[in-house]
Q: 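Shown below is the structure under consideration.
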Protein chains: 2
Amino acid sequence: MASVVDATPTPAHPYYPRSALIPHYVPNTYSSPTILVGFGTPVALIGIVTFILTGLIRPNAQRPRLSFIDRVICAWFAICAGIHIILEGYFVVNHRTLAGESTFLAQVWKEYALGDSRYLRSDLVTLCVEGITAALEGPVSLLIIIATIYSWPSRYVMQLCVSIGQIYGLLIYYFTEFFAEESNSDPHWLYYWVYFVGINFFWMIMPIFISIRAWFAMSASTKLADDRELTIRGKKRQ
Amino acid sequence: MASVVDATPTPAHPYYPRSALIPHYVPNTYSSPTILVGFGTPVALIGIVTFILTGLIRPNAQRPRLSFIDRVICAWFAICAGIHIILEGYFVVNHRTLAGESTFLAQVWKEYALGDSRYLRSDLVTLCVEGITAALEGPVSLLIIIATIYSWPSRYVMQLCVSIGQIYGLLIYYFTEFFAEESNSDPHWLYYWVYFVGINFFWMIMPIFISIRAWFAMSASTKLADDRELTIRGKKRQ
């Protein structure tokens, strides 16, 4: 028969809030550095390879090679596509069993979850935001790379749509932790400031930069189109 | 001393889930039709007056009057600005006391809450989405009216940004109810399908329409700017 002491045991997991129930939790078999290097390396490679390749190709003889910024944007969206579709998609599909799994991606999530345990508890908001991110923003990120390389007229619109979605999603994600009654993050600076706030903050900085650039580019083009229409209209009057 | 029967009383409120705790709830003093007409009339007036006024003014002698669609868009964003800033702003500011208030706006919320009780329970996601809507999308909606009337080059970008935000917010709002363990809505068709699904669905249809229009307009302008750059580049080569 269970004793009174057994009724409030120390939870068998390292996550916050300490009262969280993660009954099927299995500890990671890889160390934290192994996971960080093992995950960071392919992500960095995706970015670097995309940046190099987009500097070599010249899809249209009439057009100049891609600018430095366009290549950075391609590298960024390649990283986004990879993370949104593979890592975040993995969470959306496997969220129920994630805490008990030992695949490499599951171990990445269990390491990250020290900064936000919602990923191991099938948190509804996290699932909704990640579902939209994986299903919509991921595939469109891939398309943006093609659109940017081939100078599709829609490249800025697509960049803006995904960036606004990323900013909105991150705001919801941050706010639902900041204003939560109990934090989902280990208060240690590494987990709270680096894992939870820091890593995600890239998805604030880059989308803001890309949105502003797209904003200026499309405003300038709209002005050009407006002026042209006024000129045509003026000529008709004469 | 409380009896066992008293421990599980019928809740003193009409909302779902029936187990929800809304201790400070005070019933509405206005009838449902009074609230619907009292709220719907000014909303309709804002739209109609904006549509009429934007048909009369001619901000720039060189430019034609605003098109029918531009006027509908102005009317739409006038309604958005009013609802985002006044109604949704009221919720964000007063969410803690809303269920016990009897101001007209509080009664609108208490009527709507039959379709979604989260508004009377300071639900975190609802608060986050509504905070972004009231603080960002509301004021920008106002700016969009000016931008559209005066043909600012940024008008389409602004329309797109707010529309994508509205679509994203509504997806989060819908999904967190659809996938919730217990529904927050009275299952009666009026409350679920009309109040919760139906009214909000306007913020799916209109933003999609406006986004597609802005997408085409800005893609066409970008193509014009690209072609112009290619022509200039071609002339330089010769």
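When reading the values below, keep in mind they use all heavy atoms of this one structure, side chains included, and skip hydrogens, waters and symmetry mates. The chains referred to below are lettered A, B, ... by the order of the sequence lines, with proteins before strands, and numbering in each begins at 1.
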Q: Take atom CZ of A:F178 as the centre, draw a 6.0 Å sphere, and report whether it contains more than 12 heavy atoms from other residues, nucleotides or ligands.
A: yes
Q: Side chains of B:W152 and A:K223: does their closest heavy-atom pair fall under 4.5 Å?
A: no
Q: What residue, out of A:S151, A:S163, A:G165, has the most heavy-atom pairs lying under 4.5 Å from chain B?
A: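 Most pairs with chain B among the choices: A:G165.
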Q: Report which part of A:A220 has an atom under 4.5 Å of a heavy atom belonging to chain B: side chain, backbone, both, or neither.
A: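 No part of it gets close to chain B.
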Q: Are any non-hydrogen side-chain atoms of A:F179 and B:L127 less than 4.5 angstrom apart?
A: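 With C-beta onward as the side chain, the pair stays apart.
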Q: Do you know the tightest heavy-atom contact between A:T222 and B:P153?
A: CB-O, 3.4 Å
Q: Any non-hydrogen side-chain atom of B:S221 less than 4.5 Å from a side-chain atom of A:L224?
A: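 They are not in side-chain contact.
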Q: Taking the side chain as everything from C-beta on, heavy atoms only, tell me whether A:F175 gets closer than 4.5 Å to B:V125.
A: no
Q: Sort out for me which of B:A225, B:C128, B:G234, B:S211 touches chain A most, counting heavy-atom pairs under 4.5 Å.
A: B:C128
Q: Taking atom CD1 of B:I172 and atom OH of A:Y173, what is their separation to the nearest 0.5 Å?
A: 13.0 Å
Q: Could you grab the distance from atom CD of B:E181 to atom CG of A:L124, nearest 0.5 Å is fine?
A: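 It is 8.5 Å, given to the nearest 0.5 Å.
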Q: Within a reach of under 6.0 Å around OH of B:Y25, are more than 12 heavy atoms found that belong to other residues, nucleotides or ligands?
A: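 Yes.
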Q: Less than 4.5 Å to any heavy atom of chain A: does that hold for the side chain of B:A180, its backbone, both, or neither?
A: both
Q: Between A:Y156 and chain B, which part of the residue has a heavy atom less than 4.5 Å away: side chain, backbone, both or neither?
A: side chain
Q: Where on A:E177 is there a heavy atom nearer than 4.5 Å to chain B: the side chain, the backbone, both, or neither?
A: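 Interface part for A:E177: neither.
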Q: Step through the shown structure and confirm whether more than 12 heavy atoms of other residues, nucleotides or ligands are within 6.0 Å of CG on A:L21.
A: no
Q: May I ask you to test the B:Y168-A:V129 pair for a side-chain heavy-atom distance under 4.5 Å?
A: yes
Q: I need the residue from B:L136, B:I167, B:D226 with the largest number of non-hydrogen atom pairs under 4.5 Å to chain A.
A: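 If we count pairs closer than 4.5 Å to chain A, B:D226 comes out on top.
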Q: Quick check: do B:F216 and A:S154 have side-chain heavy atoms less than 4.5 Å from each other?
A: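 B:F216 vs A:S154: side chains apart.
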Q: Is the CZ atom of A:R228 crowded by more than 12 outside heavy atoms at less than 6.0 Å?
A: no
